[in-house]
Amino acid sequence: MSTFTCRWGILATGGIAESFSLDLLLDPASREVRDVRHEIVAVASSSSQQRSQDFIARVGADKQQGDNVRVAAYGSYEELVADANVDVIYIATPHSHHYDNVKLCLRGGKNVCCEKPFTVNSTQTEKLIALAREKNVFLMEAVWIRFFPIMAEIRDLLHRQQIVGKILRSTSEFGERMPTDPNHRILNPNLAGGALLDIGIYPLTWQLSLLGEHPDNGGQPPKVTSSMIKSKATGVDEQTTLILDFERLGVQSTVNCNLNVKTHSFCTLVQGEKGDLQVSWAPMRPESYTFFPRKESDGDVDVQAAKTVTRDIPGHGMFWEADAVARCLRDGRKEADLCPLATTLLSQQIMETARSQNSLRYPDALEAAN
Ligand SMILES: NC(=O)C1=CN([C@@H]2O[C@H](COP(=O)(O)OP(=O)(O)OC[C@H]3O[C@@H](n4cnc5c(N)ncnc54)[C@H](OP(=O)(O)O)[C@@H]3O)[C@@H](O)[C@H]2O)C=CC1
Ligand SMILES: O=C1OC[C@@H](O)[C@H](O)[C@H]1O
């Protein structure tokens, strides 16, 4: 089998761009992947060309294996989009900027993989999906947990093997003690800060993936009720809870996120007639799960009979989504099966419903979809 090389352009040089790039540069054989490989062929910073140059050295992109891989360093995103050497652009700006950045890339005819959350609101998502289709290019939100092999394993246990039997109840959460500087992107309304958009998308993804996409749910979107507590300093949500009613399953689930205190014991719990499936922390980087069978005698779970499964992550874990993008480009597909645009739109709609229920609106310039 020949190996397909995917040539990446990195748009922005912040924290997650660095983690993603380091993963791209790992040898795919270390995760037993041989059909695709990655090269970073260009990096762009809106701040300066020097910043791109420094980033290239920091992640080791100047020492890539391959036939004379040369990495271009740009001082503007426009130059990256114009680079004919780039197959796909990974966008790693704050979410406030995703809409404009994705639009720039799509208009330039580039394939795009954009960090989560995809946009600020669902109208922006709809417009970008339409533009990608018009331009006939690949588009995906980088919801990396969807590509973890352990996620496929957990979905199989619940959806096909029905390990917990009929699902009765479910919950997912993600809390972290985040920076309290009001100018940090996490709290800054001008950068679309707040718990829901930044980290709430993870517990929401768990619930949509495990319950929303359960075969017995028939693809029905959940009914959404929500509550938010907002930052006194900046007005964005610090604590948010969503109640999702999956009416066809007859199950109510909760999604909880906060910027004040770290959650640690579990990130997702699915309880059913035959037992409980518990996924351990971290919600954005799942490594293990435990199945607790339910005793028929009194309905309690049998803790002695619990079984834990742990799967190593040979790196940060962002390479699995990158591999999926590469395979789509190789095969001429415009969407990834594991993270289709319809799921991106649904999660945007749910987050927007919650924001609207709690009167959380970002500045007009960020909500615009021009
Ligand atoms: N998948 C995951 O695990 C994670 C995903 N994320 C997502 O990635 C995105 C970026 O987060 P993160 O890397 O932590 O952010 P950082 O603040 O570390 O980096 C953002 C980068 O965006 C560029 N940028 C362009 N315009 C602005 C602006 N007005 N203000 C600030 N930065 C700007 C800058 O790069 P330059 O100067 O080079 O243009 C900057 O370095 C977010 O949408 C976040 O939700 C974040 C963390 C983890
Ligand atoms: O995606 C993310 O996951 C980890 C968090 O620390 C970060 O703020 C968020 O953007």
Side-chain angles (χ1 to χ4, degrees), residues 9-24 42-56 58-59 73-81 89-102 104 113-120 124 140-148 174-179 181 183-206 236 238 257-263 267 281-286 313 315-322 339 344 347-348 351 362-363 365-366:
I10 308 295
L11 187 150
T13 58
I16 202 60
E18 186 168 329
S19 303
F20 183 78
S21 299
L22 290 169
D23 263 14
L24 281 183
V43 172
S45 168
S46 60
S47 314
S48 66
Q49 198 226 10
Q50 185 60 49
R51 200 169 143 96
S52 292
Q53 206 71 66
D54 294 346
F55 180 91
I56 289 166
R58 199 160 67 242
V59 301
Y74 296 119
S76 77
Y77 298 160
E78 286 76 8
E79 289 168 279
L80 173 66
V81 173
I89 295 181
Y90 167 70
I91 296 179
T93 50
H95 4 301
S96 47
H97 289 50
H98 290 176
Y99 178 63
D100 284 344
N101 298 152
V102 175
L104 174 76
C113 171
C114 176
E115 260 310 329
K116 41 58 59 184
F118 194 58
T119 52
V120 168
Q124 294 177 344
M140 188 185 96
E141 180 183 19
V143 188
W144 56 315
I145 50 170
R146 283 189 171 271
F147 299 90
F148 275 56
F174 188 172
E176 264 199 277
R177 191 167 68 182
M178 291 290 198
D181 172 1
N183 296 313
H184 190 281
R185 71 167 183 82
I186 294 289
L187 280 180
N188 187 342
N190 296 312
L191 296 176
L196 181 61
L197 260 60
D198 190 57
I199 56 176
I201 192 161
Y202 289 105
L204 175 59
T205 296
W206 278 103
V236 303
E238 267 185 18
C257 56
N258 87 84
L259 304 179
N260 307 121
V261 63
K262 183 164 177 156
T263 50
C267 73
W281 172 271
M284 73 295 192
R285 204 170 167 277
I313 305 173
H316 195 52
M318 305 189 87
F319 35 65
W320 285 309
E321 66 181 351
C339 192
T344 289
S347 58
Q348 283 290 327
M351 293 192 291
Y362 292 107
L366 267 60

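Both counts, for ligands and for their atoms, begin at 1 and track the order of listing.
Within the 4.5 Å cutoff, side-chain heavy atoms of Glu141 are placed close to those of Ile201. Residues Leu191 and His97 are in side-chain contact: their nearest non-hydrogen atoms beyond the backbone lie under 4.5 Å apart.
Near Asp198, meaning under 4.0 Å from one of its heavy atoms, ligand 2 places the atoms 7 (C), 8 (O), 9 (C), 10 (O). Those atoms of ligand 2 with a heavy atom of Ile186 less than 4.0 angstrom away are 8 (O). The contact set between ligand 2 and Lys116, taken as ligand atoms under 4.0 Å from a residue heavy atom, comprises 1 (O), 2 (C), 9 (C), 10 (O).
By the criterion of a heavy-atom distance under 4.0 Å, neither the backbone nor the side chain of His95 is placed next to ligand 2.
In this pair, Phe174 and Trp281 present their aromatic rings perpendicular. The plane angle is above 60°, beyond the 30 to 60° band. Aromatic ring pairs are classed by plane angle as parallel below 30°, tilted from 30° to 60° and perpendicular above 60°; the pair Tyr202 and Trp144 is perpendicular.
Across Pro363 and Asn190, no two heavy atoms sit closer than the pair CG-OD1, 3.4 Å. Heavy atoms only, all atoms of each residue included: Tyr77 and Ser45 are closest at CE2-C, 3.8 Å. Nearest heavy atoms, Phe147 versus Met140: CZ-SD, 3.6 Å. For the residue pair Ile186 and Met178, the shortest heavy atom distance occurs at CG2-CB, 3.8 Å.
Taking SG of Cys114 as the start and CD1 of Ile89 as the end, the distance is 11.0 Å to the nearest 0.5 Å.
In this structure, Arg285 falls outside the shell of residues with a heavy atom less than 4.0 angstrom from ligand 2. Contact analysis puts Met178 in contact with ligand 2, with a non-hydrogen atom separation below 4.0 angstrom.
Ranking the protein heavy atoms by distance from atom 6 (O) of ligand 2 puts Glu176 OE1, 2.8 Å first.
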Ligand 1: which protein N/O atoms lie under 3.5 Å from its N/O atoms?
{"residue": "ligand 1", "atom": "1 (N)", "partner": "Glu115", "partner atom": "OE1", "Å": "3.1"}
{"residue": "ligand 1", "atom": "1 (N)", "partner": "Glu115", "partner atom": "OE2", "Å": "3.4"}
{"residue": "ligand 1", "atom": "1 (N)", "partner": "Trp144", "partner atom": "NE1", "Å": "3.2"}
{"residue": "ligand 1", "atom": "1 (N)", "partner": "Tyr202", "partner atom": "OH", "Å": "3.3"}
{"residue": "ligand 1", "atom": "3 (O)", "partner": "Trp144", "partner atom": "NE1", "Å": "3.2"}
{"residue": "ligand 1", "atom": "3 (O)", "partner": "Tyr202", "partner atom": "OH", "Å": "3.3"}
{"residue": "ligand 1", "atom": "11 (O)", "partner": "Arg185", "partner atom": "NE", "Å": "3.2"}
{"residue": "ligand 1", "atom": "13 (O)", "partner": "Gly15", "partner atom": "N", "Å": "3.3"}
{"residue": "ligand 1", "atom": "13 (O)", "partner": "Ile16", "partner atom": "N", "Å": "2.9"}
{"residue": "ligand 1", "atom": "14 (O)", "partner": "Arg185", "partner atom": "NE", "Å": "3.1"}
{"residue": "ligand 1", "atom": "14 (O)", "partner": "Arg185", "partner atom": "NH2", "Å": "3.0"}
{"residue": "ligand 1", "atom": "15 (O)", "partner": "Arg185", "partner atom": "NE", "Å": "3.3"}
{"residue": "ligand 1", "atom": "18 (O)", "partner": "Gly15", "partner atom": "N", "Å": "2.9"}
{"residue": "ligand 1", "atom": "29 (N)", "partner": "His97", "partner atom": "NE2", "Å": "3.3"}
{"residue": "ligand 1", "atom": "35 (O)", "partner": "Thr13", "partner atom": "N", "Å": "3.4"}
{"residue": "ligand 1", "atom": "37 (O)", "partner": "Ser45", "partner atom": "OG", "Å": "3.3"}
{"residue": "ligand 1", "atom": "37 (O)", "partner": "Ser47", "partner atom": "OG", "Å": "2.4"}
{"residue": "ligand 1", "atom": "37 (O)", "partner": "Arg51", "partner atom": "NE", "Å": "3.4"}
{"residue": "ligand 1", "atom": "38 (O)", "partner": "Thr13", "partner atom": "N", "Å": "3.0"}
{"residue": "ligand 1", "atom": "38 (O)", "partner": "Thr13", "partner atom": "OG1", "Å": "2.5"}
{"residue": "ligand 1", "atom": "38 (O)", "partner": "Ser45", "partner atom": "OG", "Å": "2.7"}
{"residue": "ligand 1", "atom": "39 (O)", "partner": "Ser46", "partner atom": "N", "Å": "2.7"}
{"residue": "ligand 1", "atom": "39 (O)", "partner": "Ser46", "partner atom": "OG", "Å": "2.6"}
{"residue": "ligand 1", "atom": "39 (O)", "partner": "Tyr77", "partner atom": "OH", "Å": "2.5"}
{"residue": "ligand 1", "atom": "41 (O)", "partner": "Gly14", "partner atom": "N", "Å": "3.3"}
{"residue": "ligand 1", "atom": "41 (O)", "partner": "Arg51", "partner atom": "NH2", "Å": "3.0"}
{"residue": "ligand 1", "atom": "43 (O)", "partner": "Thr93", "partner atom": "O", "Å": "3.2"}
{"residue": "ligand 1", "atom": "43 (O)", "partner": "His95", "partner atom": "N", "Å": "3.4"}
{"residue": "ligand 1", "atom": "43 (O)", "partner": "His95", "partner atom": "ND1", "Å": "2.8"}
{"residue": "ligand 1", "atom": "43 (O)", "partner": "His98", "partner atom": "NE2", "Å": "3.2"}
{"residue": "ligand 1", "atom": "43 (O)", "partner": "Lys116", "partner atom": "O", "Å": "3.3"}
{"residue": "ligand 1", "atom": "45 (O)", "partner": "His95", "partner atom": "ND1", "Å": "3.2"}
{"residue": "ligand 1", "atom": "45 (O)", "partner": "Lys116", "partner atom": "O", "Å": "2.9"}
{"residue": "ligand 1", "atom": "45 (O)", "partner": "Lys116", "partner atom": "NZ", "Å": "2.8"}
{"residue": "ligand 1", "atom": "45 (O)", "partner": "Asp198", "partner atom": "OD1", "Å": "3.2"}

